[in-house]
Each structure stands twice: as structure tokens, then as C-alpha cells.
Amino acid sequence: MRRAKSGGATKPRGQKRPGTSRAPASAPSADRARRPAVQAGGGSRASARQPAAKRRSPPAQEAGPGEPPPVPPLPPPPPAALAASELDLGEQRERWETFQKRQRLSFEGAAKLLLDTYEYQGLVKHTGGCHCGAVRFEVWASADLHIFDCNCSICKKKQNKHFIVPASRFKLLKGADSITTYTFNTHKAQHTFCKRCGVQSFYSPRSNPGGFGIAPHCLDEGTVRSVVVEEFNGSDWEKAMKEHKTIKNMSKE
């Protein structure tokens with residue numbers, strides 16, 4: 001043990017001498033007070049007392065090599081659609097409910113009746129299908145039909161007379177599983193027909209891939225008022241399409 005050198009009697013370490021308040025220079029407690037304690041990881045006690053959130057490094061913005069990319073937050077779910085009973089009909093609610101009761105219609109049925117009446121003004125709803133009844137459809141078109149009589153290689157063989165409507169005015173009622181398709185050459189025309197009876201009641205023509213060609217002879221009776229037939233020179237298809245002024249627009253709204 002280190003002893004202080006003095007002319008008087010030796011006093012135990014740590015006792016103060018009279019007239020002085022300074023601690024001995026060799027006291028270990030003074031060294032510890034002046035030097036911050038070092039942690040095993042190299043940090044000080046002051047840093048160890050910091051909250052854990054401050055000690056953590058901020059998350060990386062980009063994934064490192066071999067790491068999966070960060071997952072972006074999911075967007076909030078869209079607001080739920082209002083039910084029919086929650087629609088604000090205002091002063092027309094009583095009239096609407098009375099109309100439904102008189103016509104014996106559901107909310108959807110009443111809406112469909114109004115849409116059928118006013119959405120396609122000037123048009124009528126035709127229904128039709130194949131021979132065996134496996135395929136059924138409805139289509140909104142004029143009561144006065146404009147029919148194309150094409151003489152291309154396939155239309156000539158199967159007598160494919162048809163009128164053209166936009167796809168939005170056509171609805172397949174049943175028979176999606178009963179339909180098969182034949183294509184050839186450019187494969188743009190989709191010649192659909194019933195797998196059971198072989199009748200083509202509608203198809204997607206090459207001239208109007210955004211619409212449907214409907215066979216007038218496959219419509220149910222009672223909705224056609226008149227028919228006008230136009231011959232189309234499909235045997236020289238490119239030239240006929242270039243010269244025709246209106247056929248491309250027949251599948252547009």
C-alpha cells in the first residue's frame with residue numbers, strides 16, 4: 001500500500017488533513033469521479049442511460065444486398081358502397097316505394113326497368129340464341145336493322161349475315177360453357193358457335209373487334225321492324241374496309 005510521506009505520524013488513507021479540503025491525489029474515488037466509466041462495448045454510462053429509441057440506428061430506406069425489399073404500407077380500404085335502403089331519395093322515396101309495390105319489383109328490378117327505358121332511347125331489346133337453346137343472349141339495337149352480307153371465304157360458306165353493335169349493348173344470358181371458337185389467318189375475328197348444335201348466333205368480327213356481329217335470323221320474333229341488307233366485299237377485305245365510311249364506327253358508343 002502506498003503511504004504518504006510526512007514528518008508526523010502516518011494517517012490512514014482517505015482522512016483529511018487539518019486546514020485543507022483537497023482529497024489526496026492518489027485516491028481512487030477521485031479518479032473514478034473524473035473519468036467516465038467505459039462499457040464493454042465502448043460506450044459511456046451516460047450513453048447507456050439514454051432511451052433505447054435513441055440508441056437504435058434509423059431503419060434503412062433501401063434493402064441491402066441479399067435482403068428483401070421494404071414492404072410499402074397498404075392503402076386504406078375504399079369506403080363501402082351504400083346499400084339500396086341507405087340511398088337518399090329525398091322527397092321521391094315514397095313515390096319510389098309505391099312504384100316498386102305497384103310493379104311488384106325489387107329495388108334492382110325497378111332500377112333495371114328505368115335503365116332499359118331511358119339508357120338506350122330509340123333502341124329496342126332483342127333476344128335470341130342458338131338452335132338447341134344452350135346459348136341465349138340479349139342485345140340493344142334499332143328495330144330497323146342494317147345487315148351486312150359478306151362474301152369473304154368463311155362468311156360465304158356459312159352465310160354469315162350480321163348486324164354490328166358495341167360490346168356494351170350485348171349481354172350473354174347463358175351458355176358461356178357451351179360456346180367454342182374458331183379462328184384463322186389473322187385470328188382477329190372470333191367465330192363463336194354452340195358446341196352442341198353448331199349454330200353461330202353471334203361473333204366478334206375482324207372489322208369491329210370491340211363489338212359483336214349478331215345474326216338476325218337467330219333473334220326471337222316480335223322486335224324487328226325492318227331489315228336493310230348491304231353487300232360487303234370481304235373477298236378484298238383491306239380495300240373494302242378502307243373504302244367503307246361507317247362500318248368501323250358501328251361498334252362505338
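In what follows, every heavy atom counts, from backbone to side chain, and hydrogens, waters and symmetry copies are set aside.
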Looking at every non-hydrogen atom in both residues, tell me the closest pair between [X] and [Y] and how far apart they are.
X: G213; Y: P205; answer: N-CD, 3.6 Å
X: I147; Y: P216; answer: CD1-CG, 3.6 Å
X: S142; Y: L123; answer: N-CD2, 3.7 Å
X: A141; Y: H126; answer: O-NE2, 3.6 Å
X: F202; Y: T192; answer: O-OG1, 2.8 Å
X: Q100; Y: A110; answer: CG-CB, 4.0 Å

(message) Between R136 and D220, does the side chain to side chain contact (heavy atoms under 4.5 Å, CB included) criterion hold? Intermediate values first, please.
(response) CA-CA 10 Å; R136 294 288 299 170; D220 300 332; 2.7 Å; yes
Using side-chain heavy atoms (C-beta onward) and a distance below 4.5 Å, is [X] in contact with [Y]?
X: L145; Y: K161; result: no
X: F107; Y: W96; result: yes
X: L172; Y: V135; result: yes
X: W237; Y: S207; result: yes

To the nearest 0.5 Å, what is the distance between [atom1] ([X]) and [atom2] ([Y])?
X: D144; Y: S226; atom1: CG; atom2: OG; value: 3.0 Å
X: K156; Y: I154; atom1: NZ; atom2: CD1; value: 14.0 Å
X: N160; Y: Y203; atom1: CG; atom2: OH; value: 4.5 Å
X: Q92; Y: F99; atom1: CD; atom2: CZ; value: 13.0 Å
X: E221; Y: T127; atom1: CD; atom2: OG1; value: 11.0 Å
X: F137; Y: F170; atom1: CZ; atom2: CZ; value: 6.0 Å

Solution key, residues 238-246 side-chain donor-acceptor pairs under 3.5 Å, sequence neighbours excluded:
unit_1	atom_1	unit_2	atom_2	d
E238	OE2	R206	NH2	3.1
H244	ND1	T246	N	3.2
H244	ND1	I247	N	3.1
H244	NE2	E230	OE2	2.8

Would you give me the side-chain donor-acceptor pairs under 3.5 Å for residues 174-181, sequence neighbours excluded?
unit_1	atom_1	unit_2	atom_2	d
K174	NZ	G133	O	3.3

(message) Check whether E108 reaches the backbone of L105 with its side chain - one donor and one acceptor, N or O, closer than 3.5 Å.
(response)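 No, because the side chain of E108 does not come within donor-acceptor range (under 3.5 Å) of the backbone of L105.
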(request) Go through the steps for N151 and E231 under the test side-chain hydrogen bond (donor to acceptor under 3.5 Å, both in side chains), then give the verdict. (result) CA-CA 8 Å; N151 65 352; E231 292 184 354; over 6 Å; no
(message) With a 4.5 Å cut-off on side-chain heavy-atom distances among I, L, V, M, F, W and Y, is there a chain of contacts connecting V229 to V224?
(response) yes
(message) Let me check something: do Y182 and F212 share a hydrophobic cluster, defined by ILVMFWY side-chain heavy atoms less than 4.5 Å apart, either directly or through other members?
(response)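 No, Y182 and F212 fall in different hydrophobic clusters.
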(request) Run the numbers on E97 and R93 for salt bridge (charged side-chain N to carboxylate O under 4.0 Å, His left out), then give the verdict. (result) CA-CA 6 Å; E97 292 174 350; R93 175 169 292 279; 3.7 Å; yes
(message) With a 6.0 Å cut-off (strictly less than), is the heavy-atom count around CZ of R196, excluding the residue itself, greater than 12?
(response)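 No, the 6.0 Å shell around CZ holds no more than 12 heavy atoms from other groups.
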(request) Please say which of H191, Q190, K188 ends up in a side chain to side chain contact (heavy atoms under 4.5 Å, CB included) with T183. (result) Q190
(request) State whether F184 and K157 meet the cation-pi test: NZ (Lys) or CZ (Arg) under 6.0 Å from the six-membered ring centroid, and within 45° of the perpendicular axis. (result) no
(message) Going by ring pair (Phe, Tyr, Trp, His ring centres under 6.0 Å), name the residues that satisfy it together with H146, two or more places apart in sequence or in a different chain.
(response)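 H146 satisfies ring pair (Phe, Tyr, Trp, His ring centres under 6.0 Å) with F148 only.
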